J.: 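To start, I am sharing the structure in question, which I have written as structure tokens.
Owing to the predicted nature of the structure, the values given are computational and were not obtained by experimental measurement. Quick note: numbers below take in every heavy atom, side chains included, and nothing from hydrogens, waters or symmetry partners.
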Amino acid sequence: MTDDVLKTRNSLLAIVLILGLICMAVGLIFTDQALMWIVGIALGALICEFRVISMTKSLEKAADMEPADAKNYTRAQYMLRYMITLAIAVIACYKGFANPVGLIVGLVLLQPAVYIYSFFEKRKEKK
């Protein structure tokens, strides 16, 4: 794995963690089920972390494949990641140990993390 890929992956993991902690703190103001909220955000953030790590590993492996094989492999890995995400989310909500809204918030933390990372990278390039 190249240094740029490692830097990007580690930055995204750190930003997701920080955003998760912020969401936990802010959410505690609005919920009366503090533990379920924290578990929902934490579980969603952990799934995001898993998705980032899995994505970097699968893209690294796909880079060494033929184009057709790489396309099929990345599609299969994509579907596997989302099936795992769905299974964990359904089990957590069905068993009632995670706040569904908190879980959804935790699951979407990757999107703002990517925007934040891009923002800071563009600012570094301008300097």
J.: Mind checking the CD-CE spacing from Gln77 to Met79? Nearest 0.5 Å is all I need.
T.: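 Gln77 CD to Met79 CE: 12.0 Å, rounded to 0.5 Å.
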J.: Hey, what do you get for CD1 (Ile41) to CG (Leu46), rounding to the nearest 0.5 Å?
T.: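 Output value for this atom pair is 11.5 Å.
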J.: Tell me which one of Cys48, Pro112, Ser11 satisfies side chain to side chain contact (heavy atoms under 4.5 Å, CB included) with Val16.
T.: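 The side chain to side chain contact (heavy atoms under 4.5 Å, CB included) with Val16 is passed solely by Cys48 among Cys48, Pro112, Ser11.
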J.: Nearest 0.5 angstrom please: Thr85 OG1 to Arg51 CZ, how far?
T.: 5.0 Å
J.: Following the transitive rule for hydrophobic clusters with a side-chain heavy-atom cut-off under 4.5 Å over Ile, Leu, Val, Met, Phe, Trp and Tyr, establish whether Ile15 and Leu17 coincide in one cluster.
T.: no
J.: Side chains of Val5 and Glu60, heavy atoms from C-beta outward: is any pair under 4.5 Å?
T.: no
J.: Strictly under 6.0 Å, is that where the ring centroids of Tyr115 and Phe119 end up?
T.: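 For Tyr115 and Phe119, the ring centres are not under 6.0 Å apart.
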J.: To the nearest 0.5 Å, what is the distance between NZ (Lys57) and CG (Leu59)?
T.: 13.0 Å
J.: Can you get from Phe50 to Leu103 by hopping between Ile, Leu, Val, Met, Phe, Trp and Tyr side chains that sit under 4.5 Å apart?
T.: yes
J.: Once rounded to the nearest 0.5 Å, what's the spacing between atom OG of Ser58 and atom CG of Leu80?
T.: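 Atom-to-atom, Ser58:OG and Leu80:CG are 9.5 Å apart.
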J.: Ignoring hydrogens, what is the shortest heavy-atom contact between Ala98 and Gly40? Give both atom names and the distance.
T.: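 So the minimum-distance heavy-atom pair works out to CB-CA, 3.9 Å.
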J.: Consider only side-chain heavy atoms of I, L, V, M, F, W and Y, link residues closer than 4.5 Å, and tell whether Tyr78 and Tyr73 are in one cluster.
T.: no
J.: Counting only heavy atoms not in Phe120, do more than 12 sit closer than 6.0 Å to its CZ atom?
T.: no
J.: Let me confirm one number: the CD-CZ distance from Glu49 to Arg9, rounded to the nearest 0.5 Å.
T.: 10.5 Å
J.: Once side chain to side chain donor-acceptor pair (under 3.5 Å) is applied, do any residues pair with Thr56, and if so which ones, sequence neighbours excluded?
T.: none
J.: Without swapping roles, check the side chain of Thr31 against the backbone of Leu28 for a donor-acceptor pair under 3.5 Å.
T.: no
J.: Does the Trp37 side chain pair with the main chain of Val101, one donor and one acceptor, at a distance under 3.5 Å?
T.: no
J.: For Met36 and Gly96, which heavy atoms make the closest approach, and how far apart are they?
T.: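 So the two residues come closest at CE-O, 3.5 Å.
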J.: If every non-hydrogen atom of Met65 is compared with every non-hydrogen atom of Lys61, which pair is closest and at what distance?
T.: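 That would be CG-O, 3.6 Å.
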J.: Indicate if Leu19 and Val52 have the same hydrophobic cluster label, given that clusters are the connected sets of ILVMFWY residues with side-chain heavy-atom separations under 4.5 angstrom.
T.: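 Yes, because Leu19 and Val52 connect within a single hydrophobic cluster, where side-chain heavy atoms sit under 4.5 Å apart.
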J.: Could you see if Ile47 belongs to whatever hydrophobic cluster contains Ile104? Use Ile, Leu, Val, Met, Phe, Trp, Tyr and a side-chain cutoff under 4.5 Å.
T.: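 No, no single cluster joins them.
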J.: Are Glu121 and Lys7 close enough that some pair of their side-chain heavy atoms sits under 4.5 Å apart?
T.: yes
